[in-house]
Amino acid sequence: MPQPTPVQAPPVQAAPATPVQAAPVQYAAPPAQVAPVQTAPAQAAPVQPAPVQAAPVQSAPVQAPPAPRKAAAPRPKAAAPARRSARGGGGEAAWGQAAKRPRPVRGGSRDEVGWVKAHGGSGATSLVEAFGGVDVGARWPDPARGEPRRIVLVGRTSARGLQSVSQALGALKDGNAPQGLDLLAVVLVADAPGRLPLTLLRRIRVLRSVTRVHRVPWIPAWRTGGRPRSVPRQLATLAKLVGGDLYGEGAAS
């Protein structure tokens, strides 16, 4: 058998190698150095311990031996309060606080005018000195005992004075007064110079709706215990009402 002829492969020519260009190496900047932050050291607040309050120590009370009993000394009798003049203030008892058994007062006649005080310092004493009559006090007189039956109720124009006058009139209206009394008028004596406030004027209007009201102005001479040089016309009108002579010389106009 014939032997096969060997096949020769053509030589392979390698392509020329392309030169490789290396990329330029970029060096990074060195990292920035950060300055270390210094923090202030925290100072802890001093802890103050709460004050300890000691509980009070209560000691048992020491009882002293009982003192020997002494005989009680007799109590001195209380002196009766001195009455002040109506010009000077409220030394007298208020309305309804008079004694249970007042001393009876009698005038020259049964028809003489009795001046009744609605409260202490009402000015009734000055009116008695000016017009005469009987100073009854802070109570209603009793005609059955020979006391005046014709009466005039006297009070100041202050709030307290007007309230006392209202209480006295209420007692008279309710029948808490002796029988046979003849109320001539209510006399309101000024408690201070000048005009009255509106609230007090309203109270006086209420009194006028119940009975006759006569007002007396502020008289400085009464404060010092004297007599007025010129007589106000209100006093002359009051003299005609009570039927008396002003200071015993007749009513002046």
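We count residues from 1, following the sequence as given. What you are looking at is a predicted structure, and each value in this text was computed from that prediction instead of being measured.
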Point-to-point distance, once rounded to the nearest 0.5 Å, from CG of L235 to CZ of F131: 4.5 Å
For A177 against L172, the heavy-atom pair lying closest together: CB-CD1, 3.6 Å
Spacing of OG belonging to S122 relative to CZ belonging to R160, to within rounding of 0.5 Å: 9.5 Å
Straight-line distance of W140 CH2 to L183 CG, nearest 0.5 Å: 6.0 Å
Shortest non-hydrogen contact between I151 and P141, atoms and distance: CG2-CG, 3.4 Å
Heavy-atom side-chain proximity of K117 to D135 below 4.5 angstrom: yes
Check: H214 side chain, T237 main-chain N or O, donor-acceptor pair, under 3.5 Å: no
Residue pair V154 / G123: nearest heavy atoms and the distance that separates them: CG1-C, 4.2 Å
With sequence neighbours excluded, residues passing side chain to side chain contact (heavy atoms under 4.5 Å, CB included) with P217: P232, Q234
Gap separating the CG atom of L127 from the CH2 atom of W222, nearest 0.5 angstrom: 4.5 Å
Contact summary for S164 and A118, nearest pair of heavy atoms: CB-O, 3.3 Å
Over all atoms of both residues, closest heavy-atom pair of G155 and V165: CA-CG2, 3.9 Å
Side-chain heavy atoms of L188 within contact of L162, under 4.5 Å: yes
Beyond-backbone contact of P143 with P178, side-chain heavy atoms, under 4.5 angstrom: yes
Output side-chain donor-acceptor pairs under 3.5 Å for residues 191-209, partner residues at least two apart or in another chain, one line each.
unit_1: D191; atom_1: OD1; unit_2: T157; atom_2: OG1; d: 2.6
unit_1: R203; atom_1: NH1; unit_2: A159; atom_2: O; d: 3.3
unit_1: R208; atom_1: NH1; unit_2: V213; atom_2: O; d: 3.4
unit_1: S209; atom_1: OG; unit_2: V206; atom_2: O; d: 2.4

Side-chain heavy atoms of V210 within contact of V186, under 4.5 Å: no
Under 3.5 Å: donor-acceptor pair, side chain of R156, backbone of A190: yes
Interatomic distance, L153 atom CG to L184 atom CG [nearest 0.5 angstrom]: 11.0 Å
By side chain to side chain contact (heavy atoms under 4.5 Å, CB included) - contacts of Q163 (at least two apart): Q167
Exam field: side chain D142 to backbone A144, donor-acceptor pair closer than 3.5 Å: yes
Contact check, side chains of P148 and V113, non-hydrogen atoms, under 4.5 Å: no
